[in-house]
Amino acid sequence: MTIEFQATAAASGANATERFRENKKAAASSSQERVSQLASRLIKAINDTVLEEKVTYDEYNALKAWLIQVGEDGEWPLFLDVWVEHSVEQVANEYREGTKGSIEGPYYVPDSPQLDSPATLPMRDNEQGTPLLFQGNITNLAGEKLPGASVEIWHADDEGFYSQFAPGLPEWNLRATVIADADGRYEINTMQPAPYQIPTDGSCGKLIAAAGWHAWRPAHLHLKISAPGYHLITSQLYFKGDSHVGDDIASAVKPELILDPTPRADGAGREVSYDFVLDPA
Ligand SMILES: [Fe+2]
């Protein structure tokens with residue numbers, strides 16, 4: 001019997017919605033004054049757009065139908081993380097002097113298997129792609145090593161799919177929490193991820209098609225770096241030469257976050273070093 005797995009927007013969108021409900025503290029803790037101020041500004045921005053662009057009833061109804069469909073597809077996490085989170089991240093990490101942050105995105109899963117460095121990420125026996133040795137140091141702002149710091153890493157496979165969101169992948173494929181050694185060094189063996197399009201068969205895809213945009217994110221590693229006494233940083237690293245480094249649909253690329261891997265001397269794929277610097281808590 002052949003089972004064909006088809007990754008659909010509805011499936012990965014619904015998964016992202018489910019995960020968000022499970023993992024996030026979505027309870028509002030803002031004051032009434034703050035809620036009023038933010039809601040008023042958002043509503044005003046929408047009204048200003050309607051007035052300035054002379055939005056018609058047809059367009060208004062199309063918007064209404066589309067907003068309803070985004071919810072039914074479970075794509076609100078996708079929509080917000082692709083088009084809004086980068087600004088929230090910018091505000092949240094403005095104060096930092098260490099490693100730059102980037103968006104978490106909708107495909108993070110906490111509590112991945114813990115491995116000591118040097119580590120090989122969980123992957124299938126026949127995992128496709130170019131092997132990548134990803135390594136470096138984790139220090140504080142003064143350059144002091146942080147032994148036992150942890151590197152949570154998750155990324156797409158060679159087809160652009162994430163475990164636990166696309167069907168048919170082992171639960172923790174290409175996801176782990178790697179503990180740095182006594183010198184604050186980490187060494188991770190993985191497979192280079194592929195660029196991917198955000199799901200195009202749901203409401204976000206409809207918007208992209210209707211607007212004539214593209215749906216691509218450049219290939220990237222997702223990371224959360226932490227150590228006791230330091231602020232956790234959520235970030236992403238990209239690859240030099242990727243055709244979408246300059247026009248990421250999620251606007252999440254920063255020049256400081258671009259890797260330039262080189263071929264390994266032993267011919268087994270590529271390698272790259274990246275040092276993380278943590279800000280004090
Ligand atoms: Fe991603």
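Both counts, for ligands and for their atoms, begin at 1 and track the order of listing.
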Side-chain donor/acceptor pairs under 3.5 Å, residues 225-232, sequence neighbours excluded:
| residue | atom | partner | partner atom | Å |
| --- | --- | --- | --- | --- |
| S226 | OG | S150 | OG | 3.1 |
| Y230 | OH | N140 | ND2 | 3.1 |

Can you give me every donor-acceptor pair (side chain of residues 36-45, partner residue at least two apart or in another chain, under 3.5 Å) with its distance?
| residue | atom | partner | partner atom | Å |
| --- | --- | --- | --- | --- |
| S40 | OG | S36 | O | 2.6 |
| K44 | NZ | D48 | OD2 | 2.8 |

For Y196 and H220, which I'm curious about, is there any donor-acceptor pair between the side chains at under 3.5 Å?
yes
Could you tell me if Y238 and Q236 have a donor-acceptor pair between their side chains, going purely by distance under 3.5 Å?
yes
Examine [X] and say whether one of its N/O/S atoms is closer to the Fe ion (ligand 1) than 2.8 Å.
X: Y162; result: yes
X: H155; result: no
X: Y107; result: no

